[in-house]
Novice: 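Dropping the structure in here first, questions after.
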Amino acid sequence: MNELFSVITKNEKETMAVGASLAKTVGKGVVFTLVGDLGAGKTHFVKGFVKGLDCDELVTSPTFTLLNVYEGGKFPVYHFDMYRLNSLEEAEELGFNEYFDLDSLDGVVLVEWPSQVEGLIKCSHIEIKIEKLQEEQRKITLSSIVGEDQ
């Protein structure tokens with residue numbers, strides 16, 4: 001793991017702004033994992049990210065649907081929430097592994113709770129760790145993760 005940068009945000013609006021800024025720097029074929037406790041701000045980060053791609057769709061947590069797709073921006077965003085999955089095998093049965101083939105990925109993937117499906121994401125990706133510091137304050141750290149296929 002190679003830390004790229006970290007930033008402290010003071011509220012949800014600033015967390016969303018970090019997501020929007022990051023979105024403006026990426027193209028298709030990038031996978032992000034979002035790591036943090038419940039209520040850390042992962043979905044708010046995704047809201048900002050989607051907005052940064054000029055998409056005005058309503059972003060919600062895919063906790064019960066597992067996957068939300070936002071197609072109204074520069075390219076599709078595939079937003080996963082793996083919290084309710086119990087295993088890698090369950091994710092593979094649902095066909096989720098096809099979203100982590102960087103050669104055919106037509107958008108960007110953001111995965112909340114990647115630890116629930118350990119081993120699914122074999123490609124190189126960026127880990128976004130969001131830590132609660134105080135009530136509204138968050139520390140957001142981006143790190144590059146070299147995949148097994150490298």
Novice: Do the side chain of E90 and the main chain of L85 share a donor and acceptor less than 3.5 angstrom apart?
Specialist: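 No; zero donor-acceptor contacts below 3.5 Å.
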
Novice: Between CG of L67 and CG of L94, what distance do you get to the nearest 0.5 Å?
Specialist: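 Spacing of CG (L67) from CG (L94) equals 10.0 Å.
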
Novice: As an exercise, state the distance from CZ of F80 to OG1 of T65, rounded to the nearest 0.5 Å.
Specialist: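 With rounding to 0.5 Å, CZ (F80) is 10.5 Å from OG1 (T65).
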
Novice: Taking side chain as C-beta onward, heavy atoms only, is L142 less than 4.5 Å from L22?
Specialist: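 Yes, close enough: below the 4.5 Å cut-off.
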
Novice: Within this structure, what is the NZ-CG distance for the pair K74 and D54, rounded to the nearest 0.5 Å?
Specialist: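 These two atoms lie 5.0 Å from each other.
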
Novice: To check you understand the geometry: which heavy-atom pair defines the closest contact between G41 and T15, and what is its length?
Specialist: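 Closest approach of G41 to T15, heavy atoms only: O-CG2, 3.9 Å.
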
Novice: With a 4.5 Å cut-off on side-chain heavy atoms, are L120 and V111 touching?
Specialist: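 They are not in contact (no side-chain heavy atoms under 4.5 Å apart), so the answer is no.
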
Novice: Evaluate the side-chain proximity of V59 to N68: yes if any heavy-atom separation is below 4.5 Å, no if none is.
Specialist: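 They are not in contact (no side-chain heavy atoms under 4.5 Å apart), so the answer is no.
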
Novice: Could you tell me whether the side chains of T141 and E3 share a donor-acceptor contact shorter than 3.5 Å?
Specialist: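 There is no such pair (donor and acceptor under 3.5 Å, judged by atom type) between the side chains of T141 and E3.
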
Novice: May I ask whether I126 and L53 are part of the same hydrophobic cluster, defined by side-chain heavy atoms of I, L, V, M, F, W, Y residues being less than 4.5 angstrom apart, directly or through others?
Specialist: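 Yes.
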
Novice: List in chain and number order the residues that pass side-chain contact (heavy atoms from CB on, under 4.5 Å) with I8, two or more places apart in sequence or in another chain; answer none if no residue qualifies.
Specialist: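 Here the qualifying residues are L133, Q137, K139.
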
Novice: Do the side chains of F32 and V50 join up, straight or via other hydrophobic residues, at under 4.5 Å, putting them in one cluster?
Specialist: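 Yes.
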
Novice: Do the side chains of D106 and P76 get nearer than 4.5 Å, heavy atoms only?
Specialist: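 Touching, per the 4.5 Å side-chain cut-off.
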
Novice: Taking Q116 for the side chain and Y83 for the main chain, is one N or O donor matched with an acceptor at less than 3.5 Å?
Specialist: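 Yes; at least one donor-acceptor contact below 3.5 Å.
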
Novice: With a 4.5 Å cut-off on side-chain heavy-atom distances among I, L, V, M, F, W and Y, is there a chain of contacts connecting Y78 to F96?
Specialist: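 As far as the 4.5 Å side-chain criterion goes, F96 and Y78 are connected within one cluster.
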
Novice: Give a yes or no answer on whether the side chain of R84 reaches the backbone of F64 with a donor-acceptor pair at less than 3.5 Å.
Specialist: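 Checked: no pair found.
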
Novice: Measure the CZ-CD distance between R138 and E131 for me, rounded to the nearest 0.5 Å.
Specialist: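 CD of E131 is found 10.5 Å from CZ of R138.
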
Novice: Group every Ile, Leu, Val, Met, Phe, Trp and Tyr by side-chain heavy-atom contacts under 4.5 Å, then state whether L34 and I140 land in the same group.
Specialist: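 Yes.
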
Novice: In Å, rounded to the nearest 0.5 Å, how long is the span from CZ of F49 to NE2 of H79?
Specialist: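 Here the interatomic distance stands at 11.0 Å.
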
Novice: Return the minimal non-hydrogen interatomic distance between M82 and W113, and the atom names on each side.
Specialist: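 Distance-wise, the nearest heavy atoms are CB-O, 3.3 Å.
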
Novice: Nearest heavy-atom pair of G147 and S124: which atoms, and what distance?
Specialist: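 That closest heavy-atom pairing would be N-OG, 2.9 Å.
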
Novice: If we only count heavy atoms from C-beta on, is the D56 to K51 side-chain gap below 4.5 Å?
Specialist: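 Side-chain contact under 4.5 Å: yes.
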
Novice: Is there a side-chain contact between F75 and V108 in this structure, where contact means two heavy atoms from C-beta onward sitting under 4.5 Å apart?
Specialist: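 F75 vs V108: side chains touch.
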
Novice: Minimum heavy-atom separation for S61 to D81, with atom names?
Specialist: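 S61 and D81 have their closest heavy atoms at OG-OD2, 3.3 Å.
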
Novice: Go through the structure and list residues passing ring pair (Phe, Tyr, Trp, His ring centres under 6.0 Å) with Y70, not counting sequence neighbours.
Specialist: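 With sequence neighbours excluded, Y70 shows a ring pair (Phe, Tyr, Trp, His ring centres under 6.0 Å) to no residue whatsoever.
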
Novice: Does K42 reach the main-chain N or O of D37 with its side chain, forming a donor-acceptor pair under 3.5 Å?
Specialist: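 Yes: the side chain of K42 pairs with the backbone of D37.
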
Novice: Looking at every heavy atom in both K47 and M16, which two are closest together, and how far apart are they?
Specialist: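 The answer is CB-CE, 3.9 Å.
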
Novice: I want to check something: taking the side chain as every heavy atom from C-beta on, are V77 and C55 in contact at a cut-off of under 4.5 Å?
Specialist: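 Not in contact.
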
Novice: Report whether I121 and V69 are members of the same hydrophobic cluster (ILVMFWY, side-chain heavy atoms less than 4.5 Å apart, transitive linking).
Specialist: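 In one cluster: yes.
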
Novice: Can you confirm whether E136 sits close enough to K10 that some side-chain heavy atom of one is under 4.5 Å from a side-chain heavy atom of the other?
Specialist: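 No, every pair of side-chain atoms sits at 4.5 Å or beyond.
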
Novice: Looking at every heavy atom in both C123 and V31, which two are closest together, and how far apart are they?
Specialist: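 Distance-wise, the nearest heavy atoms are SG-CG2, 3.9 Å.
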
